[in-house]
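Report on the following structure.
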Amino acid sequence: MSTLRTPRELVDNGLIAPEGLAGIERVAERYAIAISPAMADLIDKADPSDPIALQFVPQTAELATTPEEREDPIGDLAHSPVEGIVHRYPDRVLLKAVHVCPVYCRFCFRREMVGPQGLGTLIPDALDRAFAYIAEHSEIWEVILTGGDPLVLSPRRLSELMQRLAAIDHVKIVRFHTRVPVVEPERVDESLIAALKASGKTTYVALHANHPRELTPAARKACARLVDSGIVMLSQSVLLKGINDHPETLAALMRALVETRIKPYYLHHPDLAPGTSHFRLSLEEGRALVAGLRGRISGLCQPTYVLDIPGGYGKAVIAPDTVSERGGCYTISDFRGGEHAYPPQE
């Protein structure tokens, strides 16, 4: 099986019913579709609520947009001084060299930017300007390669990026955000691992996984290859209705990550991306779930529950000192001390 990319292929593989084809074709006109063989094999076709299917198989619910949703929900564009760079925090930047992924999550907060109809891969001149920006800003200690998924690039391209970063002395940490070890574990071979390293830099890999079933034996072996090579792994997960919004599921996910030698890092509240309201819980529901992990599972398994404040104000830890509630409306404090309504008021 190859990666499934069209509504017709989803029908032919039993992932959507033939009578649903027309609706999913409308979704595909706006948002990219890709389900890798590893993820397609995990889907229980007899279960209409299968948590793997819900993450990757498109639904017509994506055509419904609520008033608070926005095309750039976390304000990437407001903090992009040059193409491919997002500089939201003082000591680190995002480098978005590519805007394609091996799979397309139906809740993606960059769904308007990624895929064949998205922003694409940076052309050489744009990449030169991005590296010039990093080199000119000595406060940049960490570069986070994201997108898109940077590990879709060939080892040769990844190695070129790392060698360019190696020439910038003030950059000490390079972090890759990826789903590849889970959705295409076969890509994690010796050549890819070697490409993620450069002299004088410490490499971290942040794995995106949302359900314990994603950590298959093949995925665990791919992660073991990374960890055994000296690369530190962290996790990023999204709290999603119907997928991991149950205490036992969330606990099992965090335990599975720790067993795989991956430190749980962030648990994200879903962003206000268009057509994703069916995935979102309330902040109160999220807080109750995270509180339920305390004491239930090891401290090694505890993620930090965060909300990316709409508009580009950065992440806020969902905690009493950063979030207040009155009459069903929330006020979120950012890292600079500013206060913001959530959901945002137009």
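- For the pair E68 (side chain) and L272 (backbone), a donor-acceptor distance under 3.5 Å is absent.
- Here the side chains of V180 and P185 are not in contact, with every heavy-atom distance at 4.5 Å or above.
- S282 and E284 form no side-chain donor-acceptor contact under 3.5 Å, judged by distance and modelled atom types alone.
- Between H87 and Y133, the gap from one ring centroid to the other is short of 6.0 Å.
- More than 12 non-hydrogen atoms from other residues, nucleotides or ligands lie less than 6.0 angstrom from OH of Y89.
- The aromatic rings of H269 and Y342 stand perpendicular to each other, their planes meeting at an angle above 60°, with 30° marking the opposite boundary.
- Between E69 and R280 there is a salt bridge, since a side-chain N of the basic residue sits under 4.0 Å from a carboxylate O of the acidic one.
- Looking only at side-chain heavy atoms (C-beta outward), I16 and R8 stay at 4.5 Å or farther from each other.
- Note that CG of L250 is 10.0 Å distant from NE2 of H211, once rounded to the nearest 0.5 Å.
- A donor-acceptor pair shorter than 3.5 Å can be found between the side chains of D334 and H340.
- The pair E136-R129 does not meet the salt-bridge criterion, since no charged nitrogen lies less than 4.0 angstrom from a carboxylate oxygen.
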Step by step, work out the salt bridge (Lys or Arg N to Asp or Glu O under 4.0 Å) result for E160 and R156. CA-CA 6 Å; E160 289 172 356; R156 178 185 63 81; 2.8 Å; yes
Test log, rule side chain to side chain contact (heavy atoms under 4.5 Å, CB included), inputs L234 and V205: CA-CA 6 Å; L234 309 168; V205 169; over 6 Å; no
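- When only modelled atom types and interatomic distance are considered, T216 and R220 share no side-chain donor-acceptor pair under 3.5 Å.
- Using a 4.5 Å cut-off on side-chain heavy atoms (C-beta onward), I85 and I134 make contact.
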Stepwise side chain to side chain contact (heavy atoms under 4.5 Å, CB included) test for K197 and S229: CA-CA 10 Å; K197 300 180 180 182; S229 78; 3.4 Å; yes
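- Side chain of H268 to backbone of D271: no donor-acceptor contact under 3.5 angstrom is found.
- With rounding to the nearest 0.5 angstrom, the CD atom of E214 is 8.0 Å from the CG atom of L42.
- P274 and E112 make their closest contact through CG-OE2, 3.5 Å (heavy atoms, listed as atom of the first residue, atom of the second, distance).
- Using a 4.5 Å heavy-atom threshold, the side chains of I262 and C223 count as touching.
- The closest donor-acceptor contact from the side chain of N210 to the backbone of V238 lies under 3.5 Å.
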Applying salt bridge (Lys or Arg N to Asp or Glu O under 4.0 Å) to R26 and E29, what does each step give before you reach the verdict? CA-CA 5 Å; R26 295 202 308 275; E29 290 173 1; over 6 Å; no
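- Using a distance-only test at 3.5 Å, with no hydrogens or angles considered, no donor-acceptor pair links the side chain of T202 to the main chain of I173.
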Can you check side chain to side chain contact (heavy atoms under 4.5 Å, CB included) on V98 and L122, steps first, answer last? CA-CA 6 Å; V98 63; L122 289 189; over 6 Å; no
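- Here K96 does not pair with D149 in a salt bridge; the nearest charged N to carboxylate O distance is not below 4.0 Å.
- The shortest side-chain heavy-atom distance between V323 and L307 does not fall under the 4.5 Å cut-off.
- Summarising the geometry of I243 relative to T249, their closest heavy-atom pair is O-CG2, 3.7 Å, with the distance given to 0.1 Å.
- The main-chain N or O of H208 is found under 3.5 Å from a side-chain atom of R179 such that the two form a donor-acceptor pair.
- Side-chain contact between R294 and Q302 is present, with heavy atoms from C-beta onward closer than 4.5 Å.
- We find the CG-NE2 distance between L54 and H278 to be 8.0 Å, quoted to the nearest 0.5 Å.
- In terms of heavy-atom proximity, A40 sits nearest to L4 at CB-CD1, 4.3 Å.
- Counting all heavy atoms, side chain and backbone alike, F107 lies closest to F279 at CB-CD1, 3.7 Å.
- The only option from C301, S298, P264, P212 that meets the side-chain contact (heavy atoms from CB on, under 4.5 Å) definition with R255 turns out to be C301.
- With R213 as the fixed residue, the salt bridge (charged side-chain N to carboxylate O under 4.0 Å, His left out) test singles out one of D44, D47, D50: D50.
- For the pair S80 (side chain) and V82 (backbone), a donor-acceptor distance under 3.5 Å is present.
- Results of the side-chain contact (heavy atoms from CB on, under 4.5 Å) test with V93 over I144, V171, V143 single out V143 as the only residue that passes.
- For the atom pair CD (E325) and CG (L283), the distance works out to 9.5 Å, reported to the nearest 0.5 Å.
- Taking all atoms of both residues into account, the shortest heavy-atom contact from P270 to L239 is CG-O, 2.9 Å.
- Interatomic distance, Y330 OH to I318 CD1, rounded to the nearest 0.5 Å: 9.5 Å.
- Cluster annotation: V152 and L94 are assigned to distinct hydrophobic clusters (Ile/Leu/Val/Met/Phe/Trp/Tyr, side-chain heavy-atom contacts under 4.5 Å, transitive).
- Donor-acceptor pairing under 3.5 Å is recorded for the side chains of H177 and Q236.
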With side chain to side chain contact (heavy atoms under 4.5 Å, CB included) as the test, would you mind laying out the steps for L151 and L196 before giving the verdict? CA-CA 9 Å; L151 297 198; L196 301 183; 3.7 Å; yes
Walk me through it: do R225 and D189 pass the test salt bridge (Lys or Arg N to Asp or Glu O under 4.0 Å)? CA-CA 8 Å; R225 289 193 288 273; D189 59 15; over 6 Å; no
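- In this structure, the side chains of V86 and L95 stay at 4.5 Å or more apart for every pair of heavy atoms.
- No donor-acceptor pair closer than 3.5 Å links the side chain of E285 to the backbone N or O of L281.
- Of all heavy-atom pairs spanning A78 and D72, the tightest one is N-OD2, 4.3 Å.
- Using modelled atom types, no side-chain atom of E71 and backbone atom of R111 make a donor-acceptor pair closer than 3.5 Å.
- For the pair Q55 (side chain) and I52 (backbone), a donor-acceptor distance under 3.5 Å is absent.
- Going from atom CG of L165 over to atom CD1 of I140 covers 10.5 Å, rounded to the nearest 0.5 Å.
- No side-chain heavy atom of F109 sits less than 4.5 Å from a side-chain heavy atom of R70.
- Judged purely by atom type and a 3.5 angstrom limit, D245 uses its side chain to pair as donor or acceptor with the backbone of G242.
- Side-chain atoms of N244 and H246 form no donor-acceptor pair, as typed in the model, at a separation below 3.5 Å.
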Would Y305 and Y266 satisfy ring pair (Phe, Tyr, Trp, His ring centres under 6.0 Å), going step by step from the backbone distance to the final call? CA-CA 6 Å; Y305 181 35; Y266 280 150; over 10 Å; no
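- Taking a cutoff of 4.0 Å between a charged side-chain nitrogen and a carboxylate oxygen, D76 and R88 qualify as a salt bridge.
- Residue E142 is tested with K172, R175, K201 for a side-chain hydrogen bond (donor to acceptor under 3.5 Å, both in side chains); the sole match is R175.
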